[in-house]
Amino acid sequence: MNRIWNSVVGKLWATILLLVSFVLFIVTVLLLEFLGNFQGIQAENALRQQAVTISKIIDQHDTPAMSRLVIDDMLDEDTNALIIDGDGQVIENFHEGKNRKEIRNILMSDKDLDKVFSIDEPVMKEMNLPSKTEADKLEPYSILAAPLHSAGELNGAVFVYQSLEAVHNTIKQTTYIVLLSAFIAFILTTVFAFFLSSRITSPLRKLKQAALNLAEGRYDKQVPAMQHDEIGDLAAAFNKMGRQVKHNLEVISQEKEQLQNILTSMTDAVITFNQDMSILLTNPPAEHLLQKWQFSHGGNGAVPEEVGLMLKHAISFSQEVEEEFSLDGQFFDITISPLYSGSKIRGAVAVFRDMTEQHRLEKLRTDFLANISHELRTPISMLVGYSEALSDGIVDTEEEREEMMKIIRDEAMRMGRLVNDTLDLTRLESGHMRLYKEWVELRPMIGRIASKFQQKAKDADVALVLDADIPEELRVFLDEDRIEQVLTNLIDNALRHTPAGGRVKIRVMNTGGWVEFSVADTGSGIPEEDLQYVFERFYKADKARTRGKGGTGLGLAIAKNIVESHGGMISAASRVGEGTNMSFRIPVGEE
């Protein structure tokens with residue numbers, strides 16, 4: 001019930017009913033009042049007319065008998081009459097019933113009616129008289145006392161009285177008819193109001209359902225616009241709005257998706273800040289960067305203090321800020337620009353460009369130029385010096401000439417190795433060197449490589465031991481030439497840095513899906529602080545860069561790149577005076 005009264009149907013229905021009920025009430029009251037007055041006036045006029053007629057009849061007929069017959073025929077059953085002479089005596093009576101004496105006494109003794117003899121004008125009065133049909137009962141009567149004239153003189157009066165029960169019955173019947181008509185009109189109005197309100201609100205309910213569908217994202221639902229009025233126009237406008245909202249949302253979604261794809265594909269970290277410097281939007285590189293900062297700072301603050309100061313300046317002064325500095329060991333080029341909403345600043349967007357690799361490459365380039373210049377300067381100087389000595393004829397004996405020629409040849413070969421190693425390393429780091437992988441039986445390959453260094457180890461008085469703890473049938477997917485190059489480099493370094501009487505051990509193990517190689521020597525070892533640099537270009541344990549060992553300083557860097565190209569890892573462990581252990585591992589199967 002509450003649902004009906006709270007709906008438009010209930011409110012419209014109640015409004016129409018109240019309005020019609022009020023109109024019907026006013027009309028009924030006025031109509032009943034009018035009919036009551038009308039019936040009273042009609043009764044009074046009828047009595048007056050009858051009194052006048054009786055007076056004329058009496059005046060026109062000579063004999064009372066003739067007058068009585070005419071008057072008796074003229075009066076109806078509910079109308080009574082008394083004819084009184086000038087002395088106040090009743091001459092004739094008509095249609096009197098029970099209680100006639102009481103009625104006559106009341107009429108004759110009434111002072112208001114008695115005025116008819118003095119003022120010579122009709123007197124009208126309503127009063128209660130005994131009933132004509134029942135004893136001890138009073139009924140309302142309408143009484144008219146009219147004077148009688150004979151030869152122009154007043155010689156009596158006629159009292160015409162009529163019971164008001166007939167008038168009241170007529171008024172009751174009229175009231176019943178009026179109320180019945182009002183009730184029928186009320187019922188018809190109720191049905192019509194309900195039908196009208198339902199017909200008006202039915203399209204509104206459809207609009208409501210369509211609005212709910214629109215809110216749930218179902219934009220294809222249309223409101224039927226079958227009417228050609230304002231409601232039909234509203235339905236058409238609503239359908240147009242739904243289509244426009246769908247189009248606008250599709251455009252916004254496409255733009256949002258495009259923006260999201262751009263942010264996601266960016267390698268630079270992008271962070272959007274609110275005016276209170278809280279984070280609104282980030283892309284994956286920015287999320288990774290924020291996680292790293294929060295981990296390194298123990299979760300205190302979303303961004304480093306330096307970035308917070310730049311952000312505050314950009315928002316406070318509406319200026320774009322650009323700086324480059326180091327954060328947690330990384331170099332960033334940071335650009336922060338204010339974001340506007342109209343003329344008001346609503347936040348800022350920060351772009352973090354990681355310049356660490358550029359700084360590293362710049363340092364590598366500088367170090368490479370310095371190192372390659374240093375490495376080439378000595379052999380070139382020796383080549384120039386010895387060649388000038390030969391050309392100037394300074395050498396006297398053939399033995400000295402042969403010695404100088406040998407030195408020139410060795411230095412030229414050393415320069416060639418340096419150039420070849422540099423080219424190999426450049427190709428590996430740039431990804432231009434192709435690996436020719438195939439399934440290779442590992443035990444024969446290791447045996448062949450170890451045999452290649454047996455004579456060199458014997459000449460250096462170093463024991464070379466092979467420990468191949470692998471099955472005979474083990475096969476590994478690798479580039480045999482490149483892995484041999486790695487092992488050759490590691491074994492050669494171990495032999496060159498192991499003194500006479502020492503030992504170099506080559507060990508191969510199969511651990512799960514990996515094959516692990518290690519080359520351990522009993523040489524002088526590498527200081528702990530230098531271990532992190534052993535795989536860098538031109539690293540040498542000999543800080544004086546002497547030529548005694550004959551290395552280029554690029555072998556371990558090349559080995560590291562080859563192992564990582566196979567999907568493996570390489571590491572070094574060493575103690576000064578005890579020796580060094582170089583190990584790497586690669587996966588057995590295809591990566």
Side-chain angles (χ1 to χ4, degrees), residues 368 371-372 375 413-429 433 435-437 440 442 445-457 459-460 462 464-468 476 478-498 502-508 515-526 530-542 545-574 579-586:
F368 175 78
N371 289 324
I372 199 71
E375 293 293 334
M413 292 178 64
R414 182 167 177 267
M415 290 177 61
R417 289 196 304 273
L418 179 62
V419 172
N420 290 333
D421 287 348
T422 303
L423 291 176
D424 287 345
L425 183 59
T426 302
R427 282 195 291 265
L428 282 169
E429 291 183 343
M433 179 170 286
L435 297 179
Y436 297 93
K437 291 184 178 182
V440 178
L442 193 58
M445 184 188 78
I446 296 299
R448 175 172 51 80
I449 295 174
S451 300
K452 186 171 61 173
F453 286 93
Q454 286 294 342
Q455 185 60 41
K456 184 175 182 180
D459 293 341
V462 175
L464 182 62
V465 181
L466 175 61
D467 181 10
V476 184
L478 49 78
D479 186 333
E480 185 175 1
D481 291 338
R482 291 300 173 187
I483 295 299
E484 182 176 350
Q485 182 180 356
V486 174
L487 289 171
T488 298
N489 186 281
L490 298 181
I491 297 171
D492 184 66
N493 282 347
L495 291 175
R496 284 192 289 110
H497 292 86
T498 302
R503 186 181 71 163
V504 174
K505 183 178 180 180
I506 305 171
R507 188 178 181 185
V508 184
V515 176
E516 185 171 343
F517 304 83
S518 65
V519 179
D521 62 57
T522 58
S524 57
I526 303 173
D530 291 340
L531 277 177
Q532 57 182 326
Y533 303 111
V534 294
F535 297 106
E536 296 291 336
R537 296 180 179 186
F538 300 108
Y539 169 77
K540 289 185 180 181
D542 183 4
R545 298 183 182 270
T546 60
R547 296 171 52 246
K549 302 300 180 181
T552 62
L554 297 176
L556 291 180
I558 294 174
K560 179 175 181 292
N561 278 275
I562 292 175
V563 171
E564 290 179 350
S565 298
H566 279 77
M569 296 168 284
I570 189 170
S571 62
S574 179
T580 303
N581 183 15
M582 296 285 183
S583 62
F584 70 93
R585 66 176 184 170
I586 59 175

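Since the model is a prediction, treat every value here as computed from it, not as a measurement. We number each residue from 1, following the sequence as shown.
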Listed by chain and number, what are the side-chain hydrogen bond (donor to acceptor under 3.5 Å, both in side chains) partners of [X], not counting sequence neighbours?
X      : result
Ser583 : Ser571
Asn489 : Asn493
Thr488 : Lys452
Asp467 : none

Straight-line distance of [X] [atom1] to [Y] [atom2], nearest 0.5 Å:
X      : Y      : atom1 : atom2 : answer
Ile570 : Asn561 : CD1   : CG    : 10.0 Å
Asn581 : Leu490 : CG    : CG    : 10.0 Å
Ile491 : Lys505 : CD1   : NZ    : 14.0 Å
Leu464 : Phe453 : CG    : CZ    : 8.5 Å

Q. Are Val476 and Val440 side-chain neighbours, meaning at least one heavy-atom pair lies under 4.5 Å?
A.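 A side-chain contact under 4.5 Å is absent here.
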Q: State, with a plain yes or no, whether a side-chain heavy atom of Lys456 is found less than 4.5 Å away from one of Asp492.
A: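 Yes, side chains in contact.
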Q: Check Leu495 against Ala457 and note the closest heavy-atom contact, atom names and distance.
A: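 Closest approach of Leu495 to Ala457, heavy atoms only: CD2-CB, 3.9 Å.
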Q) Looking only at heavy atoms, which two atoms of Leu442 and Val508 are closest? And how far apart? A)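 Looking at all heavy atoms of both residues, the closest pair is CD2-CG1, 3.9 Å.
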Sequence neighbours left out, what passes side chain to side chain contact (heavy atoms under 4.5 Å, CB included) with [X]? Give chain and number order.
X      : answer
Ala450 : Leu466, Ile506
Ala460 : Val462
Asp479 : Leu435, Tyr436, Asp481, Arg482, His566
Glu564 : Lys560

Q. Given Met445 and Ile483, is the side chain to side chain contact (heavy atoms under 4.5 Å, CB included) satisfied, shown in steps?
A. CA-CA 10 Å; Met445 184 188 78; Ile483 295 299; 4.1 Å; yes
Pairing residues for [X] by the salt bridge (Lys or Arg N to Asp or Glu O under 4.0 Å) criterion, not counting sequence neighbours:
X      : result
Glu516 : none
Arg503 : none
Arg585 : none

Q | Sidechain-backbone polar pair: Ser518 side chain, Met582 backbone, donor-acceptor under 3.5 Å | A |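 No, the answer is negative, given that no donor and acceptor are paired below the 3.5 Å cut-off.
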Q. Just by distance, do the side chain of Asp521 and the backbone of Gly579 share a donor-acceptor pair under 3.5 Å?
A.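 Side chain of Asp521 to backbone of Gly579: no pair is present.
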Q | The single option from Val515, Val519, Leu487, Ile562 passing side-chain contact (heavy atoms from CB on, under 4.5 Å) against Phe584 | A |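 Exactly one pass, corresponding to Leu487.
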Q.
Here's a test for you: under side-chain hydrogen bond (donor to acceptor under 3.5 Å, both in side chains), which of Gln485, Arg448, Lys437 qualifies with Glu480?
A.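 It is Arg448; the other options fail the test.
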